[in-house]
> 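Mind having a look at this structure? Questions to follow.
Side chains included, hydrogens not; waters and symmetry mates left out as well; all remaining heavy atoms used. Numbered from 1 within each chain, the chains take letters A, B, ... in sequence-line order. On a predicted model such as this, the values are computed, not experimentally measured, just so you know.
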Amino acid sequence: MIPNLTTPDFLSILPETIVFVMGMVVLLFDLFGRGRPIRNLAYLTLLTLAAAAYADWTLLGQGLSGFQGTIVADNYSIAFELVFLTVTAFTVLISIRYLEDQEFWFGEYYALLLFATGGMMLMASGRDLLLIFIGLEILSISSYVLVGMFQKDPKSNEAALKYFLLGAFATGFLLYGIVMLYGATGSIHLDGIAKALDGKSAAENPYILFGLGFLLVGFGFKISLAPFHMWTPDVYEGAPTTITAFLSAGPKAAGFAALVRILVEGLSATQFHWVQVLWLLAAITMTVGNVLALQQDNIKRMLAYSSIAHAGYILVAVVVGGAEGLGAIIFYAMAYTFMNFGVFAILILASSKGRERVTFDDYAGFGYLEPALGLAMLVFMLSLAGIPLTAGFAGKFQIFKTAVEQGYIWLTVIGVLNSVVSIYYYLRMIVVMYMQQPTNHSISQRAVPSVPLYAAIAMAIAGVMLLGIFPSLWMDLSLESVSVMTAGR
Amino acid sequence: MTLLGIPILTLVIFSPLVGVLLLMFVGRDSGELAKWVALITSGATFLVSLPLFFAFDSATTQFQFVERIPWIVSWGVDYHLGLDGITLFLVLMTTLLTVVAVAGTWSQTTRHVREFMISLLLLEVGMNGVFVSLDVFLFFVFWEVMLFPMYFLIGVWGSERRLYAAIKFVVYTMSASALMMVAILAMYFYNYRATGVFTFSLLEWYQLDLLIEVQYWMFAAFALAFAVKIPMFPFHTWLPDAHVEAPTAGSVILAGVLLKMGAYGFIRFALPLFPGATTEFLPWLIGLSVVGIIYGALVCMVQPDMKKLVAYSSVSHMGFVMLGLFALNDQGVQGGILQMINHGISTGGLFLVVGMIYERRHTKSIAEFGGLMRGMPIYATLFLVIVLSSIGLPGLNGFVGEYLILVGAYQVNKTAAIIAASAVILAAVYLLWMFQRVFFGEVTNPKNEGTPDLNWREVSVLAPLIFLIVWVGVYPSPFLGKIETSASHFIQLVHTKPAERRAMLFPKMASSQETKPAVALRPGGVKTR
C-alpha cells in the first residue's frame with residue numbers, strides 16, 4: 001500500500017532534503033570543477049547550511065509530522081537541528097584555512113560533512129527506531145571517513161580504524177536493542193512502543209530491559225559516556241583537528257537528541273530503570289572525564305576528556321528530565337558548541353603550514369604574543385570551566401538548578417565538585433599562556449591572518465558572552481521546544 | 001532611590017571598566033601611559049564613590065541608593081543593588097585602596113604593566129559588586145568573577161612559587177564556593193516552595209523560615225565558603241602562600257578587601273538567613289575565632305620573613321573581627337565592622353611598607369636588616385605609626401575597633417574575651433620585636449648602608465592611610481555614627497524570627513499597605529504613566 005503523500009510530509013523533511021541534495025551537488029561540483037580552489041565548495045556548504053537553518057526557522061512552531069509520523073519537524077528537532085547546523089558552519093569556517101595548511105584538496109570533505117549533518121538531523125527528527133538508526137549510520141560512516149581523511153598520516157589512519165571497529169561494534173549493540181524492543185512490543189515506532197508498554201511493569205518482560213540496556217550501550221558509545229569512552233582520546237588526537245572539533249560537538253548532541261527522544265517518548269514506562277543507570281553513568285562520566293583530563297599534555301586530548309566530562313553534565317540533565325532539564329540539554333549543546341569551536345579555531349589559527357600547535361608547551365607566553373587571541377582563549381577556557389557571565393556557566397546553572405529542584409542533591413554536589421576539578425586543567429591553559437616563559441618550542445611567530453577563522457572566533461566569543469549574560473536568548477526556545485515531549489505525558 | 005536620579009552604585013562598580021577599555025588600546029610597551037590611565041581611572045572611581053559618604057542617611061535601617069531592574073527573567077534574577085552602613089565603608093575602602101595599590105606599585109611593576117593594571121581594575125569591579133549586590137545570584141557572579149583577576153595578579157607578577165600559590169588560592173576558594181552554589185540553589189527552591197515565587201532577592205529570602213535540620217546544612221555550606229575567604233582557622237593555609245607570593249598591590253587588595261568579603265558574607269548571608277543554625281553554631285564559631293586569634297599571633301612570633309609575619313597577623317586580626325561579629329551585640333558588631341576597615345587600612349599599609357623595602361633590598365627577611373632607622377628616618381616613622389595602629393595603640397584606629405570588640409565579646413563569653421585580649425599583648429610583642437630588629441641598633445649588614453629613604457611618591461601613597469589611622473583613632477564618631485544603625489538592624493534581624501521580619505525589611509510598605517493603595521507609593525503620589 002502506498003500511502004498518500006501530501007505537502008506537510010515533504011515540508012517536514014525540507015531542511016534534511018536541502019542538506020542531502022546539496023551534499024550531492026557539492027560532490028558534483030567537485031567532480032566537474034577539478035582545479036578550482038575547494039574554498040568555493042566551503043562557501044557553497046555555508047550557503048546550504050544557512051538555507052537549511054532558514055527552512056528550520058520557518059517551520060518553527062508548526063509541529064509538522066510526516067510519513068505517518070515516522071519523522072517530525074517539531075520544535076525539539078528544530079532546536080537541535082539549529083545546533084547541528086551551527087556546529088557544521090563552525091566546522092566549515094575553521095576548515096578553510098586548515099585544509100590549505102595541510103595541503104589537502106579533496107572536495108569530498110565538504111560533501112561528507114553535509115551528509116553527516118543530514119544524518120544528525122534525521123536522528124533528531126526521527127520518531128521511528130529504524131529511521132533514527134539510519135540517521136546514525138549516515139552520520140557514523142561519514143565520520144569514519146572524515147577521521148581517516150589524511151591518508152598519509154598514520155595517526156589519522158589509526159584513529160579511523162579504531163573508530164570504525166569500535167563504532168561498528170556499538171552499532172551492533174544498538175541494533176540488538178532495537179530488535180529486542182521490537183520483539184517485546186511489536187513496534188519500531190516510538191508511539192507504538194509507548195502504547196505497548198503503557199501500564200505494564202517493565203520488569204515483567206526481560207526483553208524490554210535487555211533492549212533498554214543494549215540501547216544505552218550503543219548510545220553510550222556514540223556520546224562517549226564512561227565506561228564506553230575508551231576510543232575518544234585516540235580518535236580525537238588522530239583525527240584532523242577540524243574533525244575533532246566537529247566530533248566533540250555535533251555527533252554528541254545528535255546522540256543526546258535521539259537518546260532523549262527514545263527514552264522520553266518511547267520508553268517513559270521504564271523511566272525508573274533508566275534513571276538509575278544514567279545517574280550512575282553521569283557520575284562516572286563526569287569524574288572520569290575530568291580526572292583523566294588533568295594529566296594530558298596535548299590540548300586535543302585534554303579537550304577529548306573534557307568533552308567526556310561535558311557529556312556527563314548533560315547526562316545529569318537527562319536524568320533530571322522534565323521541560324527544565326531536557327531544555328537544558330539543548331541550551332548546553334549550543335553553549336558547548338560556541339566555546340569548543342572557539343578553542344579549536346584558535347588552535348588552528350596559531351598553527352602554521354605543516355606544523356600543528358596542539359601541545360600546552362606551544363602556548364607558553366602566547367597571551368603576550370597575541371593579546372587578542374589570548375584573551376579570546378581565556379574567555380573560552382573560563383566558559384568551559386563554568387565561570388559566571390559565560391555560556392558555560394549559564395548551561396551548568398540551568399542543569400544544576402533543575403537537579404536541585406528535583407532533589408538530586410548528591411548528583412549536583414558531584415557535578416559542582418567535578419567542575420572545580422575541571423577548573424584546574426582549564427586554568428593550565430591560562431597558566432601556560434600568561435605565566436610561563438616561552439621556550440624554543442613555543443609559538444614565536446604571530447598568526448597568519450585568516451578571515452574565516454577570525455569570523456569563527458568572533459562568532460564564538462559573541463555566542464559565549466551573549467548566552468552567558470543574557471541566557472534567555474537561547475534558553476527560552478530550548479525550554480519551550482521540549483514542551484512538545486513533556487506536555488501531556 | 002538613587003542619588004539625584006543618578007544610578008551611583010552602578011557608576012561606582014563599573015567606572016573602572018572605562019579604564020580597562022582604554023588600556024586595551026594602550027600599546028604593549030607604553031607602561032608609563034598604562035599606569036597613568038589606571039591611576040586616573042581608579043582616582044575618578046574613588047571620587048565617584050565619595051558622594052556616598054556625604055549623601056548617606058545614617059538614620060534609616062533600609063538599603064540606600066537602591067537600583068533594581070530585571071536581568072534574567074526566566075530565573076528570577078534581578079540586577080539589584082543597595083548600600084547600608086555595613087557596606088558603605090567597605091566600598092569606600094575598596095575604591096581608596098585601589099588607588100593606593102596602583103600608586104604603590106608604580107615602580108615595582110615592570111613587566112606587562114598594561115595587563116597588571118587591567119587585572120587590578122577588573123578586581124575593583126568585582127569587589128564593589130560583591131558588596132552592593134542584594135540579589136544572591138548577582139552576588140555569586142561577582143564573587144566568582146573577582147577570583148580571576150586576583151589569580152592573575154598572584155600568578156603572573158608574583159615571586160618564585162607564584163604558580164603554586166595562585167592555584168592553591170583558586171582551588172581553595174572555588175571548592176568552597178561551589179558548595180555554596182548548591183546551597184544557594186537549594187535556598188532558591190525552598191523559597192519557591194514557601195512563596196511560589198522564583199527569586200534570588202536577598203530581602204525575600206530573609207523572610208524564609210527553614211526547618212532547623214535544613215538550616216544546619218545551608219549554614220554549613222555558606223559558612224564554609226566565607227570561612228575559607230576570611231580565612232578562619234583551620235581554613236587559612238592558602239593565605240600565607242598567596243600573600244608571600246603576591247606582588248605588593250595584590251597583597252594590599254587581598255588583605256584590605258578580599259578577606260573582608262568572608263566577614264561580610266557572614267553578616268549579610270550566613271547569620272541572618274539561618275538564625276536557628278547560628279544560635280546553635282555560635283559557641284563553635286567563637287571558639288574558632290579565638291583559636292585563630294591566638295594561633296595567628298603565635299605563628300607570627302617565629303616568622304623570619306616580614307611579609308609572612310604580616311600575613312599571619314591577618315589571621316589573628318580577622319579572628320578579632322569575627323569574634324566581634326559573633327558576639328551579636330551592639331559593641332561587638334560595630335567594633336567588628338569598624339575593625340574590618342581598620343584592618344584594611346593598617347594591614348594594607350604594612351604590606352605597602354614591606355613592599356617598599358623589598359623594592360630597595362630585594363629581601364623581606366628580618367635577619368637581613370638592622371639599624372635602618374639611621375638611614376631612613378621617614379620610612380621608620382611611618383612604619384612605626386602603621387605598626388602601632390595594627391597593635392591597637394590608644395589614639396590610633398586599631399584601638400577603637402579592638403576595644404569595642406572585646407567589650408562586646410566580654411558580655412557574651414568572658415573566657416573568649418579574656419583569651420582574645422591576651423593576643424593584643426602578643427601582637428605588640430611580635431610587631432614591635434620585628435620593628436626593633438629591623439630599625440634599631442647598629443647597621444650590621446653592610447648591604448643596608450646607603451639605602452635611600454622614601455621619595456615623595458611613596459610618602460604620598462602612605463599619607464591617606466596615616467591620615468585615616470589617626471582620624472579614626474581620635475575621632476571615630478563620623479564612622480561609628482554611620483555604622484551604628486545598620487549594625488543594630490543586623491543584630492535585630494538575626495534575633496527576629498524570619499516570619500516576623502517583613503515589617504523590619506519593608507517598613508514603608510507594611511505601614512502604608514493598610515492606609516493607602518499601592519499606586520500611591522510612587523513619589524508624590526503621582527502615577528507614572
> Heavy-atom pairs under 4.5 Å with chain B: which of A/Q398, A/M475, A/E405, A/R428 has the most?
A/E405
> Of all of A/L427, A/L417, A/I423, which one pairs up most often with chain B through heavy atoms under 4.5 Å apart?
A/L427
> Sort B/M181 into side chain, backbone, both or neither according to what part of it lies under 4.5 angstrom from a heavy atom of chain A.
side chain
> Sort out for me which of B/F140, B/W71, B/W75 touches chain A most, counting heavy-atom pairs under 4.5 Å.
B/W75
> Do A/N290 and A/Y425 have side-chain N/O donor and acceptor atoms under 3.5 Å apart?
yes
> Of the listed residues (B/V156, B/I72, B/V145), which shares the most heavy-atom pairs with chain A below a 4.5 Å separation?
B/V156
> May I ask you to decide if A/S442's main-chain N or O and A/D362's side chain share a donor-acceptor pair within less than 3.5 Å?
no
> Please look at A/L378 and chain B and tell me whether the side chain, the backbone, both or neither of the residue comes under 4.5 angstrom of a heavy atom of that chain.
side chain
> Taking B/W143 as the fixed residue, which of B/Y264, B/F269, B/F226 is the one that meets the ring pair (Phe, Tyr, Trp, His ring centres under 6.0 Å) rule?
B/F226
> With a 4.5 angstrom heavy-atom cut-off, is it the side chain or the backbone of A/V416 that approaches chain B, or both, or neither?
both
> Looking only at heavy atoms, what is the nearest atom pair of A/V404 and B/F189, with distance?
CG1-CD1, 3.9 Å
> Go through the steps to decide whether B/D241 and B/R162 satisfy the test salt bridge (charged side-chain N to carboxylate O under 4.0 Å, His left out), and finish with yes or no.
CA-CA 8 Å; B/D241 287 310; B/R162 59 179 189 272; over 6 Å; no
> Using side-chain heavy atoms (C-beta onward) and a distance below 4.5 Å, is A/I409 in contact with B/W217?
no
> Could you tell me whether the side chains of B/T199 and B/E204 share a donor-acceptor contact shorter than 3.5 Å?
no
> Side chain from CB out, backbone as N, CA, C, O: work out which of these in B/V77 comes under 4.5 Å of a heavy atom of chain A, or both, or neither.
neither
> Can you tell me which portion of A/Q437 sits under 4.5 Å from chain B's heavy atoms? Options are side chain, backbone, both or neither.
side chain
> What part of B/Y188 gets closer than 4.5 Å to chain A, counting heavy atoms only: side chain, backbone, both or neither?
side chain
> For A/L479 and A/G327, work out which heavy atoms get closest and say how close.
CD2-CA, 3.8 Å
> Relative to chain B, which segment of A/A403 carries a heavy atom at a distance below 4.5 Å: side chain, backbone, both, or neither?
neither
> I'd like to check A/L384 versus A/V343 (side-chain heavy atoms, cut-off strictly below 4.5 Å). Are they in contact?
yes
> Which answer fits B/Y190, side chain, backbone, both or neither, if we ask what part of it has an atom under 4.5 Å from a heavy atom of chain A?
neither
> Where on A/Y424 is there a heavy atom nearer than 4.5 Å to chain B: the side chain, the backbone, both, or neither?
side chain
